[in-house]
Amino acid sequence: MAYGLLKGKRGIIFGALNEQSIAWKVAERVVEEGAQITLSNTAVALRMGTLNQLAEKTGAAVIAADATSVEDLEEVFKKSMEVLGGKIDFVLHSIGMSPNVRKEIPYDAMNYKNLEKTLDISAISFHKMLNVAKRLDAIAEGGSVLALTYIAAERTFVGYNDMADAKALLQSITRSFGLIYGKEKGVRINTISQSPTVTTAGSGVEGMNMLRHFADKISPLGNATADDCADYCVVMFSDLTRKVTMQNLYHDGGFATTGMSSEALEQYVKGGIEF
């Protein structure tokens with residue numbers, strides 16, 4: 001059901017690859033709510049994924065860009081304002097990749113060149129994005145910027161590797177830039193800490209299926225899906241949350257604040273544990 005929460009608003013969605021992407025679901029939902037958008041991902045991702053199908057469905061222009069490139073980001077914001085006919089009201093950063101995770105290099109044997117790439121792609125790109133937008137005065141007063149994160153930024157999860165470091169940096173950038181951008185332009189910046197979700201990027205994390213199962217058993221409301229996350233993003237992009245900024249917002253069915261559930265304890269006992 002659409003409520004018209006984003007009627008007349010303009011947005012940029014970074015990171016949609018295919019129908020499994022959270023960014024894909026967000027793009028569909030914001031358009032349903034009345035927004036006009038542009039879509040951006042790398043040239044390689046455009047070849048590998050099916051972004052053109054999403055563009056056709058949503059009526060969005062696709063702007064190829066490397067989010068680690070300041071010059072490319074400048075082009076995205078300039079073209080988006082041109083195509084959409086004004087300043088941008090909301091931005092989604094749904095970008096993350098770790099060569100160490102992809103190559104199954106353990107955290108205690110980390111390749112540091114890979115770590116630099118992880119941090120640049122997954123976190124520093126967010127700083128560059130905000131910096132470019134602010135310098136170009138591309139985001140409208142009261143605009144909303146979101147980045148997707150995970151609770152591994154605060155707690156250790158086996159297999160999440162250096163992506164945990166990247167997410168911690170992402171959340172720090174949110175707070176630091178949120179103070180500046182909020183004070184000067186009224187722009188709010190937040191992160192959403194999502195449940196482990198079936199995505200192309202997430203599938204590379206060791207034990208992801210087990211982690212999803214574990215989180216679902218722990219969470220009183222169960223795991224939040226990509227569609228659920230899209231709904232939450234709509235609310236955060238809308239004027240209903242105009243005083244929310246610099247926050248890491250848990251969207252995980254209650255996982256972040258649950259120590260143990262009866263379902264998880266029963267599963268533990270069924271595993272043959274002796275007391």
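The basis for the numbers below is simple: all heavy atoms, side chains too, and nothing from hydrogens, waters or symmetry mates.
Residues Leu46 and Ala64 approach most closely at CD1-CB, 3.6 Å, considering heavy atoms. Residues Ala164 and Ala152 come closest through the heavy atom pair CB-O, 3.3 Å. The shortest non-hydrogen separation linking Pro220 to Thr258 is CD-OG1, 3.4 Å. When all heavy atoms are compared, the tightest approach of Ala23 to Ala16 is CB-N, 3.5 Å. The minimum heavy-atom distance between Leu73 and Ala67, with the atom names listed, is CD1-O, 3.3 Å. Taking both residues in full, the closest heavy atoms of Ser193 and Asn248 are given as CB-OD1, 3.7 Å, listed atom of the first, atom of the second, then distance.
Using a 4.5 Å heavy-atom cutoff, the side chains of Tyr232 and Leu249 are in contact. Inter-residue side-chain proximity for Asn18 and Gln53 is flagged as unmet; no heavy-atom pair is nearer than 4.5 Å. No side-chain heavy atom of Leu146 sits under 4.5 Å from any side-chain heavy atom of Val91. Side-chain contact between Gln247 and Ile189: absent, with no pair of heavy atoms (C-beta onward) separated by less than 4.5 Å. Considering only heavy atoms from C-beta on, Gln194 comes within 4.5 Å of Ile22 through its side chain. For the pair Asn190/Met236, a side-chain contact is recorded, criterion being any heavy-atom separation below 4.5 Å from C-beta on. A heavy-atom distance below 4.5 Å is not found between the side chains of Asn223 and Asp252. Using a 4.5 Å heavy-atom threshold, the side chains of Val234 and Tyr3 count as separate.
More than 12 heavy atoms of other shown residues, nucleotides or ligands fall within 6.0 angstrom of atom NZ in Lys128. Enclosure of atom CZ in Arg242 is not indicated, since only 12 or fewer non-hydrogen atoms of other residues, nucleotides or ligands lie within 6.0 angstrom.
Leu54 and Ile13 fall within the same hydrophobic cluster, where Ile, Leu, Val, Met, Phe, Trp and Tyr residues are linked whenever their side-chain heavy atoms come under 4.5 Å apart, directly or through other members. Hydrophobic clustering, with ILVMFWY side chains joined whenever heavy atoms are under 4.5 angstrom apart, groups Phe255 together with Met163. Under the 4.5 Å side-chain heavy-atom criterion for ILVMFWY residues, a single connected hydrophobic cluster contains both Ile95 and Ile124. Met129 and Leu148 fall into different hydrophobic clusters, defined by Ile, Leu, Val, Met, Phe, Trp and Tyr side-chain heavy atoms under 4.5 Å apart, directly or through other members. By the criterion of side-chain heavy atoms lying less than 4.5 angstrom apart, applied directly or through intervening Ile, Leu, Val, Met, Phe, Trp or Tyr residues, Ile105 is not grouped with Leu119; the two fall into different hydrophobic clusters.
Listed for the Ser80 side chain is no donor-acceptor partner under 3.5 Å among the backbone atoms of Thr38. Within the 3.5 Å criterion, the main-chain N or O of Leu6 finds no donor-acceptor partner in the side chain of Glu33. Without hydrogens or angle criteria, Ser40 side chain to Ile63 main chain gives a donor-acceptor distance under 3.5 Å. Panel note: side chain Thr241, backbone Val244; no donor-acceptor pair is recorded below 3.5 Å. Between the Ser238 side chain and the Val235 main chain, a donor and an acceptor come within less than 3.5 Å of each other. With hydrogens and angles ignored, the 3.5 Å screen pairs a side-chain donor or acceptor of Thr174 with a backbone N or O of Leu170. Distance alone, capped at 3.5 Å, places no donor-acceptor pair between the Arg10 side chain and the Gln36 backbone. No donor-acceptor pair under 3.5 Å is formed between the side chain of Ser21 and the backbone N or O of Trp24. The backbone N or O of Gly182 lies less than 3.5 Å from no partner atom in the side chain of Arg188, so there is not a single donor-acceptor pair.
Using a 4.0 Å cut-off between a side-chain N of Lys or Arg and a carboxylate O of Asp or Glu, Glu184 and Lys134 qualify as a salt bridge. Taking 4.0 Å as the cut-off between side-chain N and carboxylate O, Glu74 and Arg135 count as a salt-bridged pair. Electrostatic pairing of Lys57 and Glu28 counts as a salt bridge here, judged by a charged N lying under 4.0 Å from a carboxylate O.
Between the CD atom of Glu116 and the CG atom of Asn114 there is a distance of 9.5 Å, given to the nearest 0.5 Å. For the atom pair Met110 CE and Leu115 CG, the distance stands at 5.0 Å (nearest 0.5 Å). If you take CD1 on Ile139 and CE on Met81, they are separated by 9.5 Å, rounding to the nearest 0.5 Å. Of the inter-residue distances, the one linking Ile88 atom CD1 with Phe77 atom CZ reads 7.5 Å to the nearest 0.5 angstrom. The CG atom of Leu84 sits 7.5 Å away from the CD1 atom of Ile12 when rounded to the nearest 0.5 Å.
For the residue pair Thr191/Gln171, the side-chain donor-acceptor check at 3.5 Å is not satisfied. Looking only at atom types and distance, the side chain of Asn100 has no donor-acceptor partner in the side chain of Asn161 under 3.5 Å away. Side-chain contact, Asp66 with Thr68: a donor N or O sits under 3.5 Å from an acceptor N or O.
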Report the C-alpha distance between Arg29 and Glu32 in whole Å, list the side-chain angles of each, state the deciding distance to 0.1 Å, and finish with yes or no for salt bridge (charged side-chain N to carboxylate O under 4.0 Å, His left out). CA-CA 5 Å; Arg29 281 293 290 120; Glu32 286 175 5; 2.9 Å; yes
Candidate pair Phe126 and Val145, rule side-chain contact (heavy atoms from CB on, under 4.5 Å), full reasoning: CA-CA 10 Å; Phe126 192 46; Val145 183; 3.6 Å; yes
Checking Ile37 against Leu39 for the side-chain contact (heavy atoms from CB on, under 4.5 Å) test, could you report, in this order, the C-alpha distance in whole Å, the side-chain angles of both residues, the deciding distance, and whether it holds? CA-CA 7 Å; Ile37 61 170; Leu39 301 165; 3.9 Å; yes
Stepwise salt bridge (charged side-chain N to carboxylate O under 4.0 Å, His left out) check, Lys25 with Asp231: CA-CA 9 Å; Lys25 303 296 186 182; Asp231 287 339; over 6 Å; no
What do the steps show when you test Ser195 against His251 for side-chain hydrogen bond (donor to acceptor under 3.5 Å, both in side chains), and what is the final call? CA-CA 6 Å; Ser195 295; His251 186 247; over 6 Å; no
Apply the test side-chain contact (heavy atoms from CB on, under 4.5 Å) to residues Thr118 and Asp165: give CA-CA distance (whole Å), side-chain angles for both, the deciding distance (0.1 Å), then the verdict. CA-CA 9 Å; Thr118 300; Asp165 300 327; over 6 Å; no
Walk me through it: do Tyr250 and Ile192 pass the test side-chain contact (heavy atoms from CB on, under 4.5 Å)? CA-CA 6 Å; Tyr250 293 105; Ile192 292 179; over 6 Å; no
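Ring-centre distance between Phe157 and Tyr150: below the 6.0 Å cut-off.
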